[in-house]
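So you know, we letter chains A, B, ... as the sequences are listed, proteins then strands, and number each from 1.
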Amino acid sequence: MKEIIIALLKANLSLPEAEISSTLEVPKDPKLGDFAFPCFNLAKSMKKSPVAIAKDLAGTLKSPDLEKVEAIGPYLNFFLKQDLLGNSVLKEIQKKKEKYGSAKYISEKIMIEYSQANTHKAFHIGHVRGTALGESIARIASFLGGNVIRANYQGDTGMHVAKWIWCYTQYHAKDEIKKDEEWIASIYVDAVKRLTAQPELQAEVDIINKKLEEKSDSKLQALWEKTRQTSLDAFEIIYSELGTRFDEYFFESAVEKRGKEIALELLNKGLATKSEDAVIMDLKEYDLGVWVLLRKDGTVLYSAKDLALAERKFKEFKVKRSLYIVGAAQRLHFYQLFKTLELMKFPEAKKCAYIPVMEVRFPWGKMSSRTGDNVLYSGFKRELVSDAKEELKKRYTLDEPELEKRAFAIAIASLKYFMLRQDVDKNLIFTKEEALSFEGNSGPYLLYSYARARSILEKAKYDPKKKYAISELNAEEKELLVRLGNFPEQVKKSYETLSPNVLANYSYQLAQLFNEFYHKHQVIGSEHEQMRLVLVDCFSIVLRNSLSLLGIPVLEKM
RNA sequence: GCUCCCAUAGCUCAGCCUGGAUAGAGCACCAGGCUUCUAACCUGGGGGUCGCAGGUUCAAAUCCUGUUGGGAGCGCCA
């Protein structure tokens with residue numbers, strides 16, 4: 001589409017194609033045409049006012065593909081012939097269906113590390129944000145041709161585990177060990193509470209921590225293994241509900257040894273240095289401060305472990321690009337990691353990227369999994385499902401499995417969309433009122449729009465093969481059409497900026513346009529029934545594709 | 001003290017990368033619309049010094065500098 005205009009302008013102006021292409025824009029108001037060319041830049045070289053240039057060009061530019069060219073002030077506005085627009089967009093969507101918007105845009109092997117929940121602790125809605133973000137970026141990357149490996153790096157050792165084991169053995173030993181995130185979290189919260197009240201008890205925890213590290217107490221070891229697995233199993237249930245799966249699970253214990261080796265190698269090569277008996281990377285000349293690899297007692301830190309993990313990613317998995325989707329507090333750590341990998345001369349280091357997961361906060365401040373002043377995934381999902389059931393019951397009489405199925409899909413759409421619709425660089429202010437809302441800019445609105453479209457197609461016994469002609473398009477049809485045609489570009493943009501919220505906003509705007517069209521124009525029985533059915537079909541395909549990239553499954557009936 | 005992120009309507013946010021035509025949504029508030037394809041919808045209304053001050057430009061919410069406020073981080077936690 002755009003090429004037609006570019007070619008036309010190129011033939012009439014002495015400007016390089018690249019400049020024409022970047023100047024050419026889509027007007028905000030569709031009434032102003034399909035494309036617009038601002039003439040300000042031409043003013044100097046042509047020694048005429050932009051308004052006069054636009055006016056003159058409007059008179060000379062002609063093409064069989066154009067309805068008209070109009071000068072409005074300093075803008076040259078192009079109106080394409082409608083059947084051209086309609087045919088190209090609708091045909092392409094109908095042909096490619098679920099592949100519409102996909103491309104061989106990238107072909108690299110990419111590893112995406114995300115979620116990183118710690119065992120023996122809660123899976124709260126902050127984790128949902130990171131998990132939803134990672135899953136969506138993984139889907140977008142593979143939609144654009146990437147060979148994606150989803151990785152989860154979980155903290156299954158450390159002080160938090162010791163606290164949990166201590167609290168369980170001391171105060172909850174009679175409790176049955178449950179594959180339940182909320183119960184697991186409650187033990188940890190109890191541990192923190194008791195330790196806050198009686199700090200001297202920390203000595204008991206330290207003993208357990210040491211025994212766990214040394215693997216010297218077989219009873220504790222067995223309890224650790226059992227509870228670790230229970231915790232991982234509880235997470236796995238959540239992952240499946242959230243529509244996420246991982247190809248690779250990494251654990252800190254598996255990279256400890258190699259991490260230490262790398263630190264010592266760096267020391268030998270003179271890249272790392274000793275300072276106060278610790279092994280450090282001095283990155284001050286890069287404004288990245290000091291990065292400690294080994295403690296003064298020689299034990300390995302998170303930093304060195306991450307070096308070992310990165311090395312595995314490059315050497316064993318041969319990834320060319322590595323994305324880290326991790327809490328924003330760790331930003332500096334990752335910049336230090338990337339810089340060190342670069343100094344270690346890994347060519348892939350330059351293609352490492354860190355995507356911060358900003359906090360999910362209450363309006364009055366941050367959530368805390370230590371005190372339990374937070375919102376856990378499981379409990380909140382239950383609330384969403386229960387609310388969705390109420391809404392469904394108000395409207396229809398459904399049997400239990402169908403009610404359950406719809407309510408669950410609505411809950412997931414609601415939660416994931418709420419997490420993804422916002423810019424990744426911003427804290428997300430969580431209020432129940434907003435998160436539980438099924439109206440307006442929300443997941444359920446999108447599902448509803450999709451279900452409405454599908455319902456029309458079903459009632460009309462829609463046959464996609466039936467012939468139709470693109471007639472005079474009304475404003476709503478045209479806007480919808482233009483937006484549908486814009487989807488592939490939005491997918492690329494969301495990948496380039498690593499921002500699924502681009503697609504979340506796109507989905508919402510698309511659904512809004514559809515609902516306006518739906519309200520204003522009858523499809524079934526209208527003069528242009530087949531054309532409108534095709535439009536509705538294409539809308540449903542594109543919305544489904546877009547939501548699928550967000551990791552949100554649709555409902556055929558809502 | 002230094003570094004990074006954020007600041008747009010009463011509230012929650014799009015738009016910023018790649019500067020252009022009256023700055024857009026949702027919620028809340030007010031007024032309307034279901035005998036017609038799902039009203040979880042749609043239409044209209046009020047509500048904005050785009051934190052502030054400079055700069056670049058024909059043109060700045062958008063780019064640059066400074067500044068204020070909020071958040072996060074800064075050698076042996078992860």
- Among rA72(B), rA40(B), rA78(B), which is the nearest nucleotide to the side chain of Arg361(A)? rA72(B)
- Query: Which one is paired to rA25(B), where only Watson-Crick or G-U wobble pairs with both distances under 3.5 angstrom count?
  - Reply: rU12(B)
- Arg454(A) vs rU38(B): side-chain N/O to OP1/OP2 distance below 4.0 Å: no
- Base, sugar-phosphate, or nothing for Leu288(A), non-hydrogen atoms under 4.0 angstrom? nothing
- ring pair (Phe, Tyr, Trp, His ring centres under 6.0 Å) involving Tyr286(A) - partner list, sequence neighbours excluded: none
- Task: Could you list by number each residue of residues 516-527 of chain A showing a heavy-atom separation from RNA chain B of less than 4.0 Å, or answer none if no residue does?
- Result: Glu516(A), Tyr518(A), His519(A), His521(A), Gln522(A), Val523(A), Ile524(A)
- Task: State whether Lys394(A) and Glu391(A) are salt-bridged, where the test is any N-O pair (Lys NZ or Arg NE/NH1/NH2 against Asp/Glu carboxylate O) under 4.0 Å.
- Result: yes
- Message: For Phe235(A), give me all partners under ring pair (Phe, Tyr, Trp, His ring centres under 6.0 Å), at least two apart in sequence or on another chain.
- Response: Phe123(A)
- Item | Distance, nearest 0.5 Å, that separates CD of Glu213(A) from CE of Met159(A) | 8.5 Å
- Message: If you take the centroid of each ring, where Trp contributes its six-membered ring, are Tyr188(A) and His120(A) closer together than 6.0 Å?
- Response: no
- Could you tell me whether rG75(B) is syn or anti, where syn means a glycosidic angle within 90 degrees of zero? syn
- Testing Leu42(A), Ile53(A), Val69(A) for side-chain contact (heavy atoms from CB on, under 4.5 Å) with Phe37(A), which one passes? Leu42(A)
